[in-house]
Amino acid sequence: MRGGSDVTPDDFAALLVDVKERILAARTRAVLAVNAELVQLYWEVGRIIHERQRAEGWGAAVIPRLSSALRNELPEVKGFSERNIKRMLAFFREYPEMGAGGIVPPPVAQMTGRSSAPEAAAHVPREVFWAVPWAHHIIMMEKVKHLPTRFWYMEQTLAHGWSRNVLAVQIETEAHARQGKAITNFSALLPSPQSDLAQQALKDPYIFDFLTLDEPFHERELETSLVRHLEKFLLELGQGFAFVGRQYRLDVGGEDFYIDLLFYHLRLRAFIVIDLKRGRFRPEYAGKLNFYCNVVNDLLRHPDDQPTIGLILCQSKDNLLAEYSISGIDKPIGISTYELTRALPTHLKSALPTVEEIERELAEVQYREEEGE
DNA sequence: GCACCGTTAGTGGCTAGTAG
DNA sequence: CTACTAGCCACTAACGGTGC
């Protein structure tokens with residue numbers, strides 16, 4: 001045993017990493033435990049009210065009484081407004097089987113790590129369910145009616161640490177219907193499980209509605225805009241994409257080639273070359289990207305890295321043509337589309353006031369002010 | 001060191017729509 | 001009609017980052 005004074009820097013660094021990880025892990029566990037207590041309490045309250053209502057024929061009239069009585073007797077306790085108690089009741093009715101002896105977690109499921117399957121699950125592990133924050137549960141109850149889809153969002157929320165706002169955006173843009181949907185040749189060219197992971201890392205379509213680009217635009221304009229909004233671009237790409245560069249120069253035999261966008265994927269441990277295209281997908285894009293992947297493999301890829309992956313982003317594609325085009329390619333390549341705007345649903349459109357309506361409204365306000373109260 | 005800002009989860013009020 | 005549900009959205013306290 002050495003004395004305490006001659007701890008080498010390496011020893012100390014290892015000690016620091018170890019202790020730090022334990023601190024962070026304990027903090028995460030504590031947060032999750034506190035959250036689970038809250039959500040379980042709300043579920044229990046919902047259950048009690050539900051069962052009393054059924055057994056004793058109470059109406060919803062108990063809820064206002066309960067709410068005001070609780071505020072009198074426990075004024076420091078928040079969260080038992082009428083609205084929230086009604087939500088607890090609705091929460092229990094949505095998931096009555098979540099109590100003791102309820103849904104058994106599938107053996108493979110883990111909270112972090114590998115991304116889950118794209119197919120919406122019929123069940124959700126209980127530790128995931130109870131770890132989802134209350135406010136997220138509320139959004140999902142309000143906006144995702146299909147239960148397996150809702151379970152998918154629960155898993156994703158925890159796996160990616162989505163905030164409430166991010167979750168709302170993912171739901172609005174129907175992330176569940178896009179994840180893993182790119183056309184690729186990964187299953188033929190990449191070993192499992194890398195092929196599954198890579199497939200899951202790509203979407204179709206990508207939605208770039210944070211851009212304000214007018215048609216017609218140039219590919220370089222699109223690229224510049226994406227880089228300018230890099231934060232949102234990365235969020236849309238999804239977990240794990242790290243930006244390496246744009247117009248990344250590759251020197252091949254004295255001739256320069258430029259990659260539109262180069263990323264490194266932290267989970268896949270592979271470079272991802274993105275080629276932006278206007279308009280429809282064309283078969284020759286695949287060949288060019290195949291070449292870029294070869295070059296990146298030669299010049300940039302570390303021996304420990306997985307094979308470089310190419311992604312073609314175009315505005316539309318014929319799926320059959322896309323499949324054929326990548327079937328003869330020897331590098332892993334995916335093809336997805338992007339949308340610059342997602343059309344407003346019609347009910348939203350009609351909810352937006354017209355100029356005339358706004359003017360009429362303003363005129364009325366002015367009229368009322370002149371009349372006095 | 002501190003004021004300011006934006007974001008967060010949790011909350012709760014309002015109300016359109018619906019059931020009874 | 002009333003009672004209730006469900007969706008929308010704004011408020012709030014807490015927190016973390018930033019610039020002076």
Side-chain angles (χ1 to χ4, degrees), chain A residues 20 23-24 26-54 56-96 111 128-147 149-150 153-174 210 229-236 239 344-353 357 361:
Chain A
K20 206 167 88 183
I23 292 173
L24 294 178
R27 194 165 67 180
T28 304
R29 277 200 307 274
V31 168
L32 288 176
V34 167
N35 180 70
E37 281 295 325
L38 183 79
V39 177
Q40 281 177 33
L41 170 66
Y42 288 177
W43 185 90
E44 279 293 326
V45 172
R47 182 177 66 82
I48 291 167
I49 294 176
H50 175 82
E51 286 176 359
R52 286 298 175 96
Q53 283 188 342
R54 245 195 358 193
E56 304 178 25
W58 292 353
V62 260
I63 292 175
R65 279 182 61 194
L66 181 63
S67 175
S68 62
L70 280 173
R71 278 194 208 176
N72 277 333
E73 295 182 24
L74 300 170
E76 76 283 0
V77 175
K78 310 254 285 175
F80 287 88
S81 67
E82 281 186 42
R83 185 73 194 82
N84 228 20
I85 295 177
K86 282 177 183 170
R87 279 202 272 249
M88 295 170 202
L89 184 55
F91 184 57
F92 171 79
R93 287 174 178 163
E94 288 281 319
Y95 311 109
M111 263 195 31
V128 169
F129 181 82
W130 295 115
V132 171
W134 180 241
H136 292 62
H137 270 304
I138 290 166
I139 291 187
M140 289 190 233
M141 282 199 293
E142 287 179 356
K143 301 201 169 171
V144 186
K145 295 303 162 195
H146 186 237
L147 211 51
T149 304
R150 201 188 286 169
Y153 279 106
M154 288 182 196
E155 303 251 20
Q156 298 297 310
T157 293
L158 290 191
H160 302 145
W162 285 345
S163 76
R164 193 178 61 168
N165 283 344
V166 171
L167 172 64
V169 169
Q170 299 289 346
I171 292 173
E172 268 166 38
T173 57
E174 300 184 303
F210 48 88
H229 297 91
L230 194 58
E231 205 176 330
K232 286 176 176 163
F233 182 32
L234 286 171
L235 186 63
E236 173 62 5
Q239 181 97 334
L344 281 176
T346 42
H347 68 274
L348 263 184
K349 255 184 203 160
S350 61
L352 293 174
E357 283 170 330
E361 188 67 24

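In the text below, chain A, chain B and the rest are named by the order of the sequence lines, each starting its count at 1. Values below: all heavy atoms of this structure, side chains included; hydrogens, waters and symmetry mates excluded.
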Worksheet item: Does the base of B/dG12 carry an N or O that pairs as donor and acceptor with the side chain of A/Arg87 under 3.5 Å?
Response: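 Counting by modelled atom types and ignoring angles, a donor-acceptor contact under 3.5 Å is found here.
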In whole Å, I'd like the distance from the [atom1] atom of [X] to the [atom2] atom of [N].
X	N	atom1	atom2	result
A/Ile139	C/dC9	CD1	P	12 Å
A/Asn84	C/dA6	CG	P	15 Å
A/Glu37	B/dG10	CD	P	14 Å
A/Arg164	B/dG12	CZ	P	13 Å
A/Ile138	B/dT11	CD1	P	8 Å
A/Arg65	C/dC4	CZ	P	13 Å
A/Ile49	C/dC4	CD1	P	13 Å
A/Lys143	C/dA6	NZ	C1'	13 Å

N/O (side chain, [X]) to phosphate O (OP1/OP2, [N]) under 4.0 Å:
X	N	answer
A/Lys145	C/dG7	yes
A/Asn165	B/dT8	yes
A/Asn35	B/dA9	no
A/Ser81	B/dT11	no

Quick check for you: to the nearest 0.5 Å, what is the distance between [X] atom [atom1] and [Y] atom [atom2]?
X	Y	atom1	atom2	result
A/Glu94	A/Leu89	CD	CG	11.0 Å
A/Glu82	A/Ser68	CD	OG	8.0 Å
A/Leu167	A/Glu172	CG	CD	10.0 Å

Worksheet entry | A/Tyr95 and its ring pair (Phe, Tyr, Trp, His ring centres under 6.0 Å) partner, picked from A/Tyr42, A/Phe129, A/Trp43 | A/Phe129
Discussion item. By nearest heavy atom, map A/Lys78 and A/Arg83 onto DNA chain C; which one lands nearer the 5' end?
Written reply: A/Arg83
Discussion item. The side chain of A/Glu142 is closest to which nucleotide in this list: B/dG12, C/dG7, B/dG10?
Written reply: C/dG7
Discussion item. Looking only at the side chain of A/Ala135 (C-beta and beyond, no hydrogens), which of the listed nucleotides B/dT11, C/dG7, B/dT8 gets closest?
Written reply: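 The answer is B/dT11, which lies nearest to the side chain.
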Fill in: Distance-minimising heavy-atom pair for A/Trp134 and A/Asn84
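Looking at all heavy atoms of both residues, the closest pair is NE1-OD1, 3.5 Å.
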